[in-house]
Amino acid sequence: MNIILYILITIATFSCMEVVTWLTHKYVMHGFLWYLHADHHQPKYPHAFEKNDAFFVIFAIPSILLLYFGVHPNLNYLFFIGLGIFFYGMSYFLIHDVLIHQRFKWFKNTKNKYLIGLRKAHKVHHKHLGKQEGECFGMLFVPKKYHNTFKK
C-alpha cells in the first residue's frame with residue numbers, strides 16, 4: 001500500500017467518527033448508558049472527573065487495539081484506522097473538554113466564528129438536563145439552523 005492510501009484511510013476514519021459519535025451520543029449515552037453520561041448534564045458539576053469520562057476509555061480501546069494490530073506483525077491499514085480514531089479523540093478532547101466546557105483554561109477567548117457556533121450548538125444540547133429531548137449530538141458538525149450564529 002502507498003502513503004496516499006494510508007492518508008486517505010486516516011482521513012476517512014476521522015470523518016466517519018463524527019457519525020459514530022453522533023449515533024453513540026444519541027442512542028448509547030442518552031440511552032442505555034445514561035447513568036454514565038447523566039452527570040455531564042448537571043450544571044456546575046463539582047468534581048474534576050465525571051462518570052462520563054469513562055467514554056474516553058471506551059473509545060480509546062478500539063483505537064489502541066487497531067494501532068497495535070496495525071503494526072503487528074507488519075504495518076498495515078488497521079494502524080491508520082486506529083490513527084484516524086486517535087486523531088478524532090484528540091479533536092474531541094480539544095473541542096469538547098477544552099474549548100466548550102473549559103475543563104482546562106487553554107482557549108478561553110476564541111474569536112473563531114465556527115468554534116463559537118460549535119459552543120452555541122453544544123449549549124443548546126446541554127439545556128436539556130434529562131436524557132430525552134436532546135439535540136445537537138455531534139461534535140464537529142454544526143446543524144444548518146445554527147449557521148446564523150456565525151454572523152456578528
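- The two residues G70 and L78 have their closest heavy-atom pair at CA-CB, 3.8 Å.
- For the atom pair OH of Y6 and CD1 of I81, the computed distance is 11.0 Å after rounding to the nearest 0.5 Å.
- I64 and F14 are not part of a single hydrophobic cluster, where members link through side-chain heavy atoms under 4.5 Å apart.
- Pairs passing the side-chain hydrogen bond (donor to acceptor under 3.5 Å, both in side chains) check and including a residue from residues 80-95, sequence neighbours excluded, read E18-Y88, T21-Y88.
- A search for side-chain contact (heavy atoms from CB on, under 4.5 Å) contacts involving V19 returns L23, not counting sequence neighbours.
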Determine, step by step, whether E50 and H41 satisfy the side chain to side chain contact (heavy atoms under 4.5 Å, CB included) criterion, reporting the C-alpha distance in whole Å, the side-chain angles of both residues, the deciding distance to 0.1 Å, and the verdict. CA-CA 10 Å; E50 306 169 348; H41 279 266; over 6 Å; no

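- Looking at heavy atoms from C-beta onward, Y27 lies in side-chain contact with W22 at the 4.5 angstrom threshold.
- From I9, atom CD1 reaches atom CD1 of I4 across 12.0 Å, with rounding to the nearest 0.5 Å.
- Put simply, CD1 on I61 and CD1 on I85 are 12.0 Å apart, with the number rounded to the nearest 0.5 Å.
- Put simply, the side chain of T10 does not reach to within 4.5 Å of the side chain of Y77, judged on heavy atoms.
- Among residues at least two apart or in separate chains, side-chain hydrogen bond (donor to acceptor under 3.5 Å, both in side chains) pairs with a member in residues 52-61 are H37-N52, D53-R103.
- Under the rule for a side-chain contact (heavy atoms from CB on, under 4.5 Å), the partners of Y68 that lie at least two apart in sequence or sit in another chain are H72.
- Counting heavy atoms from C-beta outward, L5 and F80 have side chains that stay 4.5 Å or more apart.
- Within the model, atoms OG of S63 and CG of L83 stand 7.5 Å from one another, a figure rounded to the nearest 0.5 Å.
- Distance check, rounded to the nearest 0.5 Å: NZ of K51 to CH2 of W34 gives 11.0 Å.
- With sequence neighbours left out, the ring pair (Phe, Tyr, Trp, His ring centres under 6.0 Å) criterion links F56 to no other residue.
- Applying the side-chain hydrogen bond (donor to acceptor under 3.5 Å, both in side chains) rule to T13 yields no partners; only residues at least two apart in sequence or on another chain are considered.
- Within the 4.5 Å cutoff, no side-chain heavy atoms of L66 are placed close to those of F79.
- Counting heavy atoms from C-beta on, the side chains of L36 and M29 never come closer than 4.5 Å.
- Remark: I58 pairs with F55 by the side-chain contact (heavy atoms from CB on, under 4.5 Å) rule, at least two apart or across chains.
- I7 pairs by the side-chain contact (heavy atoms from CB on, under 4.5 Å) definition with I3, I11, not counting sequence neighbours.
- For H40 and H25, the ring centers are positioned 6.0 Å apart or more.
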